[in-house]
Amino acid sequence: MSLAGTDIFSCHQYQQHLLGAKGETADGRIFRYGKAGASDLTLGYLGVMPDQDTAELTMAVTTAAAIGATSITFTHAATTATANEYAEGYLSVSYGTGIGQTLKIKSHAAFTSGQTGAVINLEDPLLVALDTTSKIDVTPNPYNGVVTATTDAAISIPCGVNLVTITTLYYGWFQTRGVVAVAADATIAAGYEAQADVNDAGKVDVTGTDAQVWKIGHSLQATADTYSHPIFLTID
C-alpha cells in the first residue's frame, strides 16, 4: 500500500491494518505495520519482536482434523496464553502426519497450563489432514507487541525503526528499508553492517563476528556513540 507522511508520522489506539502489513512511500522507503508492547517506543530506536515462549512447541494434536478443517484441538503446553495472543500469528505442523504446513491463526480463547481440549481457529484451511501423531507449534505475529531492542536482541527479529514515538499498546509504522536515523552505541564506519547493540537498549552497533545475529543495514557515514546517524535499513 502507498503511505504518506500522515501515515508514517502517526500512531493510533485502534488497529487499522493487518499486523505486518507492508507499505511504501513514494520515494521507495518500506514500512511494516505493528503494535507497541507494554512500553512506549521512542522514535529513532530499533524495535524488535518480543521474546517467544519456547514452551509453545511440539504440542500434541488430540483430535484428528480433516483436510479443509479450520480448527485444531490439542493439549496446550505447560504455560499460559491470553485470548488471541497468537491471533494473526502462525501455526506450523512440526512433527508427524501433516508435517511442514504453515497456517495463519485467526483466533483462540485463553489457554491454561497443560490444558487438554484446547482449540485454535485458523484463517487457512488444512491442506493435509492431521491425526494424533501430529505436533504443532504456534508463533506470534512478529509485529504484535513490538519492544525496544534489548541487550539480547541480536537474536530477536528486527521489526524496524519508528519515526514517531508509539504509545504503549498503540499501533504505527516501522521503517524496514531505506535511509533512517538510528541511535548508535558505537562508531560504525561508513558502509559497515549494523546490528542491534548488546549493551544499550534500542541502539545499534557494528556487526561483529558472531553469526547468531540479525543484520539490519549499513551505515551511510561514520556513526558516533550517542548520536543518531543515517543507516540504510535492509530488513526488507
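On a predicted model such as this, the values are computed, not experimentally measured, just so you know.
In terms of heavy-atom proximity, Pro125 sits nearest to Gly68 at CB-O, 3.6 Å. In plain terms, the two heavy atoms of Ala77 and Ala55 that are nearest each other are CB-O, 3.1 Å. The nearest pair of heavy atoms linking Ala36 to Thr167 is CB-O, 3.5 Å. Closest approach of Trp173 and Met1 over heavy atoms only: CH2-SD, 3.7 Å. Here the shortest heavy-atom pairing between Lys22 and Ile30 reads CE-CG2, 3.7 Å. Cys159 and Val48 get closest at one heavy-atom pair: SG-C, 3.6 Å.
With a 4.5 Å cut-off on side-chain heavy atoms, Ile72 and Leu130 count as touching. Residues Leu163 and Phe31 have side chains in contact (heavy-atom distance under 4.5 Å, counting atoms from C-beta outward). Using a 4.5 Å heavy-atom threshold, the side chains of Thr139 and Gln52 count as touching. The closest side-chain heavy-atom distance from Glu24 to Ser2 is not below 4.5 Å. Side-chain contact between Leu91 and Thr102 is absent, with no heavy-atom pair separated by less than 4.5 Å. Residues Pro140 and Met49 are in side-chain contact: their nearest non-hydrogen atoms beyond the backbone lie under 4.5 Å apart. At least one side-chain heavy atom of Arg29 sits under 4.5 Å from a side-chain heavy atom of Ile8. Here the side chains of Arg32 and Asp236 are in contact, with some heavy-atom distance below 4.5 Å.
Cluster membership check: Leu43 does not share its hydrophobic cluster with Tyr143, using side-chain heavy-atom separations under 4.5 Å among Ile, Leu, Val, Met, Phe, Trp and Tyr. Residue Ile99 is not grouped with residue Met59 when hydrophobic side chains (ILVMFWY) are merged at heavy-atom distances under 4.5 angstrom, including chains of intermediate members. Connection of Val161 to Leu19 is established within a shared hydrophobic cluster, with ILVMFWY side chains joined at heavy-atom distances below 4.5 Å, either directly or through further cluster members. Note on Leu233 and Phe9: same hydrophobic cluster, where clusters join Ile, Leu, Val, Met, Phe, Trp and Tyr whose side-chain heavy atoms are under 4.5 Å apart, directly or indirectly. Side-chain heavy atoms closer than 4.5 Å link hydrophobic residues (I, L, V, M, F, W, Y) into clusters, and following such links, possibly through other members, connects Val93 to Val61.
A donor-acceptor contact shorter than 3.5 Å is absent between the side chain of Ser92 and the backbone of Ser94. Panel note: side chain Gln101, backbone Leu127; a donor-acceptor pair is recorded below 3.5 Å. Here the side chain of His76 pairs a donor or acceptor atom with the backbone of Thr112 at under 3.5 angstrom. Side chain of Gln115 to backbone of Val119: no donor-acceptor contact under 3.5 angstrom is found. Asn121 places no side-chain N or O within 3.5 Å of a backbone atom of Ser71 that could act as its donor or acceptor partner. In terms of modelled atom types and a separation under 3.5 Å, the side chain of Asn144 and the main chain of Asn141 share no donor-acceptor contact.
The six-membered or imidazole ring of His12 lies near that of Tyr33, with a centre-to-centre distance under 6.0 Å. Aromatic rings of Phe111 and Phe74 (six-membered ring for Trp) have centroids within the 6.0 Å cut-off, being under it.
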Please step through side chain to side chain contact (heavy atoms under 4.5 Å, CB included) for the pair Glu56 and Asp137, ending with a clear verdict. CA-CA 6 Å; Glu56 301 278 19; Asp137 301 351; over 6 Å; no

Would you please test Leu18 and Lys104 for side chain to side chain contact (heavy atoms under 4.5 Å, CB included) and show each step? CA-CA 12 Å; Leu18 293 176; Lys104 191 169 184 181; 4.2 Å; yes

Hey, mind stepping through Lys35 and Glu88 against side chain to side chain contact (heavy atoms under 4.5 Å, CB included) and telling me if it holds? CA-CA 12 Å; Lys35 180 181 182 180; Glu88 295 193 58; over 6 Å; no

Under the criterion side chain to side chain contact (heavy atoms under 4.5 Å, CB included), I'd like the reasoning laid out for His229 against Gln221: C-alpha separation, chi angles, the key distance, then a yes or no. CA-CA 7 Å; His229 288 300; Gln221 62 186 46; 3.6 Å; yes

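When only modelled atom types and interatomic distance are considered, His108 and Glu85 share no side-chain donor-acceptor pair under 3.5 Å. In summary, the side chains of Asp40 and Thr165 do not present any donor paired with an acceptor at a separation below 3.5 Å, with no hydrogens or angles considered. In this model, a donor atom of one side chain and an acceptor atom of the other lie less than 3.5 Å apart for Thr133 and Thr97. A side-chain donor-acceptor contact under 3.5 Å links Asp53 and Thr79.
Between the CG atom in Leu46 and the CZ atom in Phe174 there is a gap of 10.0 Å [rounded to 0.5 Å]. Distance check, rounded to the nearest 0.5 Å: CD of Glu193 to NZ of Lys215 gives 5.5 Å. Rounded to the nearest 0.5 Å, atoms NZ (Lys106) and CG (Leu103) are 14.0 Å apart. For the atom pair OG1 (Thr70) and CD1 (Ile120), the distance works out to 12.0 Å, reported to the nearest 0.5 Å. Atom CG of residue Leu169 and atom SG of residue Cys11 lie 11.5 Å apart, to the nearest 0.5 angstrom. Atom OG1 of Thr148 sits about 7.5 Å away from atom CG of Asn162, to the nearest 0.5 Å.
Looking at residues two or more places apart in sequence or on another chain, you find no salt bridge (charged side-chain N to carboxylate O under 4.0 Å, His left out) involving Asp124. Shown here are the salt bridge (charged side-chain N to carboxylate O under 4.0 Å, His left out) partners of Arg177, two or more places apart in sequence or in another chain: there are none.
Through side-chain heavy atoms spaced under 4.5 Å, either directly or across other Ile, Leu, Val, Met, Phe, Trp or Tyr residues, Tyr90 is tied to no other residue.
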